[in-house]
Colleague: 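Once you've had a glance at the structure underneath, I'll fire off some questions.
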Protein chains: 2
Amino acid sequence: MSLPPGTPATGPGDASAVAAPPADGERPSRPVPEATVSRLAVYLRVLGELREQGVETVSSEELAGASGVNSAKLRKDLSYLGSYGVRGVGYDVSSLQERLQAELGLDHRQSVALVGVGNLGHALAGYAGFAGRGFPVSALFDVDPALVGTEIDGIVVRHVGEIPEVCAAHDVTIGMIATPGPAAQGVCDLLVRGGVQSILNFAPVLLQVPDDVEVRKVDLSVELQVLAFHVARRHTAAGVALPGETNGSVVS
Amino acid sequence: MSLPPGTPATGPGDASAVAAPPADGERPSRPVPEATVSRLAVYLRVLGELREQGVETVSSEELAGASGVNSAKLRKDLSYLGSYGVRGVGYDVSSLQERLQAELGLDHRQSVALVGVGNLGHALAGYAGFAGRGFPVSALFDVDPALVGTEIDGIVVRHVGEIPEVCAAHDVTIGMIATPGPAAQGVCDLLVRGGVQSILNFAPVLLQVPDDVEVRKVDLSVELQVLAFHVARRHTAAGVALPGETNGSVVS
DNA sequence: CGATGTGAACAGGTTCACAGCA
DNA sequence: TGCTGTGAACCTGTTCACATCG
């Protein structure tokens, strides 16, 4: 990692040859930072709302405000996709929306497989937010014989053993793991064998995957513990205990 | 495992010269970066597993590996809490575990309220991961008359109108919002009125709250879109289409 | 010796402030 | 004129490398 001084990190074609095709004037297509990607999804939702309200143009100030970020950040985020705004005016809602959808790969069909249809998984299967936003769940799996064969929202639950073939057959691009912790790694391996390269993991374990597989983790108890930290911090910061605090030990 | 006498506040005017209180050798207590906090929760879980296995000591290398981070980062993270390791040996599992629990506020009782017992909320209410990790859900709310009055895991669902009083009465420290988007802000206001200062929001909207309230957001469709981005990126990076893809729009 | 704890270099992301264009 | 697009300063967090100590 010893880069000599002066090595331009922003140098042309430094990452894996991006080779931006000769498209028209629009496509500087710089690397697009990770942090930016997750915000693009937020902007996209807000744009959808604006469009429903009949709004045709937004300024960076407005869009940023509605998305909960600062306007300079928004402009920089959008600048990674090229120049899609009009100086002195703002951004065209519809075309920006399309541009973002394209960038996020929503113009390709994404088909999702969900493994683990217990408590949490069952809820995820029926979560309207998915189908509504272009992520139809196309396959469900579980090990429990009592669940295998049943239908949830019109989709039959299959046995986890079928994961590899079914995922391959349906070109599943995204796998969601909502199993108990101990089962997660095994399930993950099956998904990988089925060709799935993106995994959203709800199980509280660290998944081991090949380099070309992307994993994102949603850990509810971590979220709660971070909030608990802030609660505790406030107490100490505020000096004293809050009403009714008797303290006591909590078990793991 | 009681806290040492006079658990000192983290320094009144902390940002500026903290003037480390006279505590004993243990308690440099520097600011603790946000990024570090969420990792502490992960270390804590791993420590729990190690302890169950009877392990009494871990090196930074081992604990880091099991937590999915690099060892230097782990040591730096722990150093914010003071010196809890032994050079040439490692960390004592039990005492580090206790130290982390204290830091994360798990030695205070955290009581959680969940609003929205629909699809997702119902699953969250029964999620074993919560109660098991020191976050018992102590109150449930919904607007749906069909749900109000029913019981879930022994807890009665109340009407959202009761949020302020019930939260205040039960000293709820953390509120979880699992309602449809349009209802979220209203519910949030009620929680705030009930004195709740930490909120975990599952609704796809930006919540407006007073400065002293901490909000964390879990947005499933954003997670999926980020994964979709990586899927798309891989295609373009890999040069061409993946099996079964005919370019342009894909159908099943 | 061996692993911790940490100053210092580094990288990534954010904010500022302003040039440039419709 | 007003708002976008962006270089440059800034800041937070990560990694390195080594002095330090049980």
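It should be emphasised that the depicted structure is a prediction, and the values quoted were computed from it without experimental measurement. No hydrogens, no waters, no symmetry mates; every other heavy atom, side chains included, goes into these values. Lettering follows sequence order; numbering is per chain, from 1.
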Colleague: Using atom CG of A:Leu74 as one end and atom P of C:dT15 as the other, report the distance to the nearest whole Å.
Modeller: 12 Å
Colleague: May I ask you to check whether over 12 heavy atoms, not counting those of A:Glu61, lie within 6.0 Å of atom CD?
Modeller: no
Colleague: Donor-acceptor pair under 3.5 Å: do we get one between B:Arg87's side chain and the base of C:dG2?
Modeller: no
Colleague: May I ask you to verify if any side-chain N or O of B:Tyr91 is less than 4.0 angstrom from the OP1 or OP2 atom of C:dG5?
Modeller: yes
Colleague: Just how far, in rounded Å, is C1' of D:dC3 from CG of A:Asn70?
Modeller: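 To the nearest whole Å, that distance equals 15 Å.
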Colleague: Hey, which sits more toward the 5' end of DNA chain C by its nearest nucleotide, B:Val89 or A:Pro33?
Modeller: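 That would be B:Val89.
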Colleague: Nearest nucleotide by nearest heavy atom, which residue falls closer to the 5' end of DNA chain C, A:Lys73 or B:Val86?
Modeller: B:Val86
Colleague: Does A:Arg75 put a side-chain nitrogen or oxygen below 4.0 Å from OP1 or OP2 of D:dG7?
Modeller: no
Colleague: If we check side chain to side chain contact (heavy atoms under 4.5 Å, CB included) with A:Gln185, which of these qualifies: A:Leu207, A:Val205, A:Thr179, A:Ile177?
Modeller: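 Only match with A:Gln185 under side chain to side chain contact (heavy atoms under 4.5 Å, CB included): A:Leu207.
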Colleague: Given D:dC16, C:dT4, C:dG5, identify the nucleotide with an atom nearest to the side chain of B:Ser59.
Modeller: C:dT4
Colleague: In this structure, how many angstroms lie between the C1' atom of D:dC11 and the CD atom of B:Glu34, rounded?
Modeller: 15 Å
Colleague: Are any side-chain N or O atoms of A:Arg234 and backbone N or O atoms of B:Asp212, one a donor and one an acceptor, separated by less than 3.5 Å?
Modeller: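 Looks like yes, one N/O pair under 3.5 Å.
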Colleague: Output yes when a side-chain donor or acceptor of A:Ser67 lies under 3.5 Å from a complementary backbone atom of A:Leu63, and no otherwise.
Modeller: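 Side chain of A:Ser67 to backbone of A:Leu63: a pair is present.
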Colleague: What is the distance from CD of B:Glu61 to C1' of C:dT4, rounded to the nearest Å?
Modeller: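 Computing the B:Glu61:CD to C:dT4:C1' distance gives 12 Å.
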Colleague: Rounded off to whole Å, could you give me the CZ-to-P distance for the B:Arg39 and D:dT12 pair?
Modeller: 15 Å
Colleague: With A:Tyr43, which of A:Val69, A:Leu96, A:Val58 fulfils side chain to side chain contact (heavy atoms under 4.5 Å, CB included)?
Modeller: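 The option that passes is A:Val69.
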Colleague: What is the separation between atom OH on A:Tyr80 and atom C1' on D:dT6, rounded to the nearest whole Å?
Modeller: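 So the OH-C1' distance, A:Tyr80 to D:dT6, works out to 10 Å.
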Colleague: In this structure, how many angstroms lie between the P atom of D:dT4 and the CG atom of A:Asp92, rounded?
Modeller: 13 Å
Colleague: With a 4.0 Å cutoff (strictly under), does any side-chain N or O of A:Ser60 reach OP1 or OP2 of D:dT4?
Modeller: yes
Colleague: To the nearest Å, how far apart are B:Lys76 NZ and C:dC10 P?
Modeller: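 Computing the B:Lys76:NZ to C:dC10:P distance gives 15 Å.
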